[in-house]
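No hydrogens, no waters, no symmetry mates; every other heavy atom, side chains included, goes into these values.
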Amino acid sequence: MLEFITLPDALPPVAPYSHAVRAGDFLFVTGQLAEDADTGEVLKLDIEAQTRQVMENLKRVLTHAGTSFENVVMVRIFVTDFRYYEIVNQVYASYFNQARLPSRTTVGITALAGYGDVEIDLIVYCGT
C-alpha cells in the first residue's frame, strides 16, 4: 500500500514531489529546507534559524501524516559547510528524545536547492 502525502495549505512544492510517501509501515519524508511555510521561499537566515525552520517544516509534515519525531528511525542531513556541524547538531538534537535518537548520516555538499545551507530528510516507522 502506498499513500502519497502533500500538505494542501503549507510548504508549496517547488518541484514535482510529495511531502512524504507512506509505504507499508514506513513513511519517507522529503528533504526540507528552511522554507517559509506559506510561500515556499527559502529563507536566507543564519544556520541556527535555518535549521530550526527545517525542523519545524519536518514537524509539520510529520503531524499532517499522523506521526512525530518519536518514530523517526533514520535521518539524512545535508550541509553546505561543515563549520555549521555543531550548530546544526544542537538544534536538531533539541527535537528528539535523547534516549531514542534515530540512526543518521550527515553529508557535506556544495549546494542545495534554493541556495539553503541545510536540508534534512527522514524515514519514520509507523507500525505498531
Donor-acceptor pair, side chain of Asn57 and main chain of Leu33, under 3.5 angstrom: yes
Common cluster, Tyr95/Val72, ILVMFWY with side-chain heavy-atom separation under 4.5 Å: yes
Test side-chain hydrogen bond (donor to acceptor under 3.5 Å, both in side chains) applied to Glu41 - qualifying residues, sequence neighbours left out: none
Separation between CD1 of Ile120 and CG of Leu58, rounded to the nearest 0.5 Å: 6.0 Å
From CD1 (Ile47) to CZ (Arg83), nearest 0.5 Å: 11.5 Å
Which atom of Pro102 lies closest to which atom of Val75, heavy atoms considered: CG-CG2, 3.7 Å
Residue list, side-chain hydrogen bond (donor to acceptor under 3.5 Å, both in side chains) with Asp117, at least two apart or on another chain: Gln50, Thr80
Any donor-acceptor pair under 3.5 Å from Arg104 side chain to Ile77 backbone: no
Which atom of Ser94 lies closest to which atom of Val91, heavy atoms considered: OG-O, 2.6 Å
pair Ile5-Leu27: side-chain heavy atoms closer than 4.5 Å: yes
From CZ (Arg76) to OG1 (Thr106), nearest 0.5 Å: 11.5 Å
Non-hydrogen side-chain atoms of Val29 and Asp121 separated by less than 4.5 Å: no
Other residues, nucleotides, ligands: >12 heavy atoms within 6.0 Å of Arg60 CZ: yes
Short side-chain to backbone donor-acceptor contact, Glu86 and Tyr84, under 3.5 Å: no
Any Met74 side-chain heavy atom under 4.5 Å of Ser103 side chain: yes
Side-chain donor or acceptor of Gln32 paired with backbone N/O of Met55 under 3.5 Å: no
Atom NZ of Lys44: over 12 foreign heavy atoms under 6.0 Å: yes
Results of side-chain hydrogen bond (donor to acceptor under 3.5 Å, both in side chains) for Thr110 - residues two or more places apart only: none
Closest non-hydrogen atom pair, Ile109 against Phe78: CD1-CB, 3.8 Å
Selection residues 10-19 - residue pairs positive for salt bridge (charged side-chain N to carboxylate O under 4.0 Å, His left out), sequence neighbours left out: none
Asp36: side-chain hydrogen bond (donor to acceptor under 3.5 Å, both in side chains) partners, not counting sequence neighbours: Thr39
Residues Glu56 and Arg52 bridged, charged N to O under 4.0 Å: no
Result block: side-chain N/O donor-acceptor pairs under 3.5 angstrom for residues 6-26, not counting sequence neighbours:
{"unit_1": "His19", "atom_1": "ND1", "unit_2": "Leu7", "atom_2": "N", "d": "3.0"}
{"unit_1": "His19", "atom_1": "NE2", "unit_2": "Leu11", "atom_2": "O", "d": "2.6"}
{"unit_1": "Arg22", "atom_1": "NE", "unit_2": "Glu3", "atom_2": "OE1", "d": "3.1"}
{"unit_1": "Arg22", "atom_1": "NH2", "unit_2": "Ala65", "atom_2": "O", "d": "2.7"}

Side chain to side chain, Leu62 and Phe69, heavy atoms closer than 4.5 Å: yes
Gln98 side chain vs Ala93 backbone, donor-acceptor pair below 3.5 Å: yes
